[in-house]
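A quick write-up on the structure given underneath.
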Amino acid sequence: MGVRIVLSELRSNFWILRGCQAIKKALHNCLPCKIARAKCDKQIEAPLPDDRLTPCKPFDTTGIAFAGPVYVRGANAPKKSYIALFTCSTTRALHIELVSDLTTDTFLIALQRFVGRRGGGLPHTIYTDNATTFQAANKELIALWNSLSSTNAQQFNAGNGIRWKFIVPRAAWWGGWWER
């Protein structure tokens, strides 16, 4: 309520000296009145990257993370394994692969299974954290592309090659859309 309305209501029965000041002070200290007058701030959000906004085939832009360990029942004893999570950037679809360890060779086999199951070809862009497995896999794939001697094969792979993007070291919050 406004100061004048409260003052006119009070003056119908009482006359208060310095009434405006007393009412302003009371309204200023009133918690429900402060809450009602409060303005909501709007947080300025950063724009999403183009890889997340551009319409494309599922898993053209993929984020990869490892989860685990999980224990799988073996012949004699439980065996430690890990889960490779492939996340599509535009549709948020998930592809899950079970891997026996965190070596580069095992990861590359999981990547082959992922590409084989999805049938859409290799992803154009892969986002990962800076794990040594991902760094080594990136180096091996680059060496594979460079080792092809045929110019036709090199042109094909240059057009269909994988861009591997790593987040900033020690900045785990950058990988929010695939790490969660």
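We number each residue from 1, following the sequence as shown.
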Donor-acceptor contacts under 3.5 Å from residues 36-45 side chains, at least two apart:
none

Quick check: do [X] and [Y] have side-chain heavy atoms less than 4.5 Å from each other?
| X | Y | answer |
| --- | --- | --- |
| T62 | T87 | no |
| K80 | P69 | yes |
| D60 | T125 | no |

Criterion side chain to side chain contact (heavy atoms under 4.5 Å, CB included) on L10 and I23, from CA distance to verdict: CA-CA 10 Å; L10 284 174; I23 293 169; 4.1 Å; yes

Side-chain donor or acceptor of T91 paired with backbone N/O of C88 under 3.5 Å: no

Any donor-acceptor pair under 3.5 Å from S8 side chain to R4 backbone: yes

Greater than 12 external heavy atoms within 6.0 Å of N76's CG: no

Minimum heavy-atom distance P123-F114, with the two atoms named: CG-CE2, 4.0 Å

I83/F66 under side chain to side chain contact (heavy atoms under 4.5 Å, CB included): CA gap, chis, key distance, verdict: CA-CA 6 Å; I83 298 170; F66 278 116; over 6 Å; no

Steps toward side chain to side chain contact (heavy atoms under 4.5 Å, CB included) verdict (T54, T61): CA-CA 10 Å; T54 307; T61 303; over 6 Å; no

Verdict with supporting geometry, Y82 and L98, side chain to side chain contact (heavy atoms under 4.5 Å, CB included): CA-CA 6 Å; Y82 296 89; L98 187 66; over 6 Å; no

Between CZ on residue R113 and CZ on residue F86, distance to nearest 0.5 Å: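 Taking CZ in R113 and CZ in F86, the distance rounds to 8.5 Å.
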
From CA spacing to verdict: side-chain hydrogen bond (donor to acceptor under 3.5 Å, both in side chains), D101, T103: CA-CA 6 Å; D101 54 28; T103 61; 2.8 Å; yes

